[in-house]
Amino acid sequence: GQNIDQPTEMTATEGAIVQINCTYQTSGFNGLFWYQQHAGEAPTFLSYNVLDGLEEKGRFSSFLSRSKGYSYLLLKELQMKDSASYLCAALNTGGFKTIFGAGTRLFVKA
Amino acid sequence: EAGVTQFPSHSVIEKGQTVTLRCDPISGHDNLYWYRRVMGKEIKFLLHFVKESKQDESGMPNNRFLAERTGGTYSTLKVQPAELEDSGVYFCASSPKGIEQFFGPGTRLTVL
């Protein structure tokens with residue numbers, strides 16, 4: 001079967017660091033996406049990991065462990081505008097089908 | 001550069017009626033995807049086009065749904081006849097190489 005698990009909600013303080021975890025089980029795996037989605041808007045691409053390890057992009061970093069079926073998104077120096085849903089998604093083998101998790105709603109408080 | 005556009009933004013129809021959703025991808029993007037998000041659930045893959053060819057339509061719920069991409073440019077998704085459970089937000093996304101996908105704003109479909 002195919003399954004992606006991530007926490008439903010998280011709350012963090014402005015200026016802090018937050019880590020959003022994601023575990024996945026897919027019948028075939030190519031790579032792992034993270035998307036950001038503000039309420040009522042379209043998802044926007046944040047990162048795509050194919051190889052194990054950490055990839056850093058400004059305040060956002062994404063980690064992948066293929067052997068453990070595990071990824072996380074790390075957000076540093078949190079800002080109020082980072083309040084959004086963060087979607088973990090797996091791209092299957094062949095690169096045609098993307099399986100999404102339900103998303104983690106992040107609330108950033110002052 | 002214009003992003004992915006979808007039309008209409010909202011549609012309210014009655015059960016049994018037909019609705020056609022349209023997606024215009026970013027110019028030059030060969031890959032086009034349709035997704036659906038039912039309230040409270042995750043975004044679910046419906047199908048993937050490369051140019052005018054369907055690469056994977058395993059996510060299409062049933063034969064009431066028909067997607068086309070004639071000429072490999074814009075795409076339509078027709079629901080006929082619509083049922084109550086078809087309500088949700090339908091997203092389209094396009095990609096130049098099949099990795100980074102650019103999403104449209106979605107069409108919110110309500111079936112009464």
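Lettering of chains follows the sequences in order, A, B, ..., and the numbering in each one begins at 1.
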- Task: Flag the one option from B:Glu100, B:Gln55, B:Glu42 with the top tally of heavy-atom pairs under 4.5 Å to chain A.
- Result: B:Glu100

- So, do B:Ile99 and A:Leu91 sit near enough that their side-chain heavy atoms are less than 4.5 Å apart? yes

- Message: Is it true that, when you exclude B:Phe7 itself, more than 12 heavy atoms of the residues, nucleotides or ligands shown sit nearer than 6.0 Å to its CZ?
- Response: no

- Item | Single-linkage hydrophobic cluster, 4.5 Å side-chain cutoff, A:Val50 and A:Tyr24 together | no

- Measure from the ring center of B:Tyr35 to the ring center of A:Phe100 and say whether it is less than 6.0 Å. yes

- Report the option among A:Pro43, A:Gly101, A:Ala89 that has the most heavy-atom pairs separated by less than 4.5 Å from atoms of chain B. A:Pro43

- Message: What's the separation between atom OG1 in A:Thr98 and atom CD1 in B:Ile43, rounded to the nearest 0.5 Å?
- Response: 10.0 Å

- Query: Shortest non-hydrogen contact from B:Phe45 to A:Lys97?
  - Reply: CD2-CG, 3.4 Å

- Is the CE atom of A:Met80 crowded by more than 12 outside heavy atoms at less than 6.0 Å? yes

- How about A:Phe45 and B:Phe103: are their ring centroids closer than 6.0 Å? no

- Could you grab the distance from atom CZ of A:Phe33 to atom CD of B:Gln101, nearest 0.5 Å is fine? 5.0 Å

- Message: Using a 6.0 Å cut-off, check whether atom CD of A:Glu77 has over 12 heavy atoms from anything other than its own residue.
- Response: no

- Counting only heavy atoms not in B:Lys15, do more than 12 sit closer than 6.0 Å to its NZ atom? no

- Write down the atom of B:Gly104, the atom of A:Ala42, and the distance for their closest heavy-atom approach. O-CB, 2.8 Å

- Item | Atom CZ of B:Arg108: over 12 foreign heavy atoms under 6.0 Å | no

- Task: Can you tell which part of A:Leu87 gets under 4.5 Å to a heavy atom of chain B, answering side chain, backbone, both or neither?
- Result: side chain

- Item | Transitive ILVMFWY side-chain link A:Tyr48 to A:Leu64, under 4.5 Å | no

